[in-house]
Amino acid sequence: MKVGIYEAPETVSCQQREIPTLHEGEALIRVSYAGICGTDMMIYSGKHPRAKAPLILGHEFAGTIESIQDKASTFKAGERVVIEPLITCGTCKPCQRGDQHVCSSLRYIGIDRDGGFAEFVTVPTGRLRRVPDEISDQEAAMIEPLAVAIHTVKKSSIQVGDTVAILGAGPIGLLIGLIAQQAGASAIYISDMSAYRLQVAQSMGFQAVHAGEADIVEVVKQETNGEGADVVFEVAGSQITANQMIDAIKTQGEMVVVSVYKTAPTIDLAKMHFRELSIRTTRCFSEDDFVKAIRMLKHKQVNVMPLISHVLSLDHIEDAFNHMNNPNSSLKVLVHP
Ligand SMILES: NC(=O)c1ccc[n+]([C@@H]2O[C@H](COP(=O)([O-])OP(=O)(O)OC[C@H]3O[C@@H](n4cnc5c(N)ncnc54)[C@H](O)[C@@H]3O)[C@@H](O)[C@H]2O)c1
Ligand SMILES: [Zn+2]
Ligand SMILES: [Zn+2]
């Protein structure tokens, strides 16, 4: 079978491998589409703390069950599925509380074991979720990042009618915008440097702010009589936006940090104290968020298709990673075997 291998920092390639052997409690998935994510780019840059080459990347993927070896499972060969890629220990305190997404030894399919940039991949049957007919194969590959956005917005203090600021119009920032719309935001301001991404943002009904031409803090203040946004999502991962979130939020507001910072930013706690600000951070998603992502797509509540900028075959995995490295002309890049 064909696979997309992370060989070494800055090197991915398409290679041939044996189809993996199925073990008890696993299903063999024929992958339809797999998305490339910021985390894959972090692995690609060689900066990820856990992922080690050689590795088949890909944790945002869907497909069809080719075969299954688990008598207790209700899944059958031929069913369309999406993979919930978290691997949790089940015994630590967060797992016992039902918060598996912050498991103290959280692992990921596609980061800690081979993932979905392949014609076939084996996954534990407990990680399978059914894909309803109403959801296309490409949409199904967007369920994982959509679950991140649902988790983030649910964790925020958003109320119907709120003004929202989103710093960063990457796939995660835009998906958060779509869910914030569903949660009743009256206006959503989103900043980025990529004109391409801002154009997509505008088409989704958000107020696009070019970070090179205007200061989102000023824009939001002007629109809110100097008060600031009710909710700010930091999704750009930079020191500049970490500073902006504090200035853009209303007094007593809560900022939501979604970014995984390559370099830890400094945060001005003194500035926060005088206006009683709080920060919330979010990680991954719960099982409930994942199920809700499937449901929202099934009922056509969100349209994720405008986020897909490129679809390439596995043979062109190198090109796919190059596209991802250029936010001026790409958003979500899908590969299909
Ligand atoms: N919390 C989680 O579980 C979770 C899950 C997925 C991704 N993430 C993180 O969320 C962040 C966003 O993910 P993504 O896939 O959308 O990444 P991305 O890199 O595609 O998007 C970030 C965007 O921020 C923009 N940006 C950079 N500097 C800016 C500035 N000064 N002002 C405005 N915009 C600026 C970039 O142009 C880019 O479009 C990343 O840090 C990622 O690691 C977190
Ligand atoms: Zn991801
Ligand atoms: Zn655990």
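Counting starts at 1 for both ligands and their atoms, in listed order.
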Protein contact of atom 21 (O) of ligand 1 - nearest heavy atom, named by residue and atom, plus distance: Gly170 CA, 3.4 Å
side-chain hydrogen bond (donor to acceptor under 3.5 Å, both in side chains) partners for Ser238, two or more places apart: Thr241
Closest protein heavy atom (residue, atom, distance) for atom 1 (N) of ligand 1: Thr282 O, 2.9 Å
Positive for salt bridge (Lys or Arg N to Asp or Glu O under 4.0 Å) with Arg127, one of Glu144, Glu26, Glu84: Glu84
Atom 8 (N) of ligand 1 - nearest protein heavy atom and its distance: Val258 O, 3.8 Å
Nitrogen or oxygen atoms of Val235 and ligand 1 under 3.5 Å apart: no
Pair Asn322-Glu318, side-chain donor/acceptor within less than 3.5 Å: no
Nearest heavy atoms of Leu22 and Ser67, plus distance in Å: CD2-OG, 3.5 Å
For atom 42 (C) of ligand 1, closest protein heavy-atom neighbour: Val260 N, 4.1 Å
Electrostatic pair Asp288:Lys154 at N-O distance under 4.0 angstrom: yes
Heavy-atom side-chain proximity of Cys37 to Lys332 below 4.5 angstrom: yes
NZ/NE/NH1/NH2 to OD/OE distance under 4.0 Å, Arg80 and Asp137: yes
Any side-chain donor near an acceptor of the partner, Gln138 and Ser136, under 3.5 Å: no
N or O pair under 3.5 Å between Pro171 and ligand 1: yes
With the Zn ion (ligand 3) as the apex, the SG/SG angle for Cys92 and Cys95 - to 10°: 110°
Taking atom 13 (O) of ligand 1 as the reference point, the nearest protein heavy atom with its distance: Ile172 CG1, 3.5 Å
Protein heavy-atom partner closest to atom 28 (N) of ligand 1 - residue, atom, separation in Å: Met193 CE, 3.4 Å
Identity and distance of the protein heavy atom lying nearest atom 35 (C) of ligand 1: Ala236 CB, 3.6 Å
Pair Lys300 + Glu134, salt bridge at N-O below 4.0 Å: no
Ligand 1 to Ala211 polar contact by distance, N or O atoms, under 3.5 Å: no
Distance filter under 2.8 Å, centred on the Zn ion (ligand 2) - protein N, O or S atoms that pass it: Cys37 SG, His59 NE2, Glu60 OE2
Check: Arg129 side chain, Glu287 main-chain N or O, donor-acceptor pair, under 3.5 Å: no
Atoms in ligand 1 with a heavy atom of Arg283 nearer than 4.0 Å: 1 (N), 3 (O)
N or O pair under 3.5 Å between Asp192 and ligand 1: yes
Subset of ligand 1 atoms that lie under 4.0 Å from at least one heavy atom of Val148: 5 (C)
Any protein heavy atom nearer than 4.0 Å to atom 17 (O) of ligand 1: no
Where the Zn ion (ligand 3) is the vertex, angle from Cys103 SG to Cys89 SG to 10°: 110°
Test of proximity, Cys284 against ligand 1: N or O pairs below 3.5 Å: yes
Within reach of ligand 1, part of Arg197 (heavy-atom separation under 4.0 Å): side chain
Region of Thr241 engaging ligand 1 - heavy atom pairs below 4.0 Å: side chain
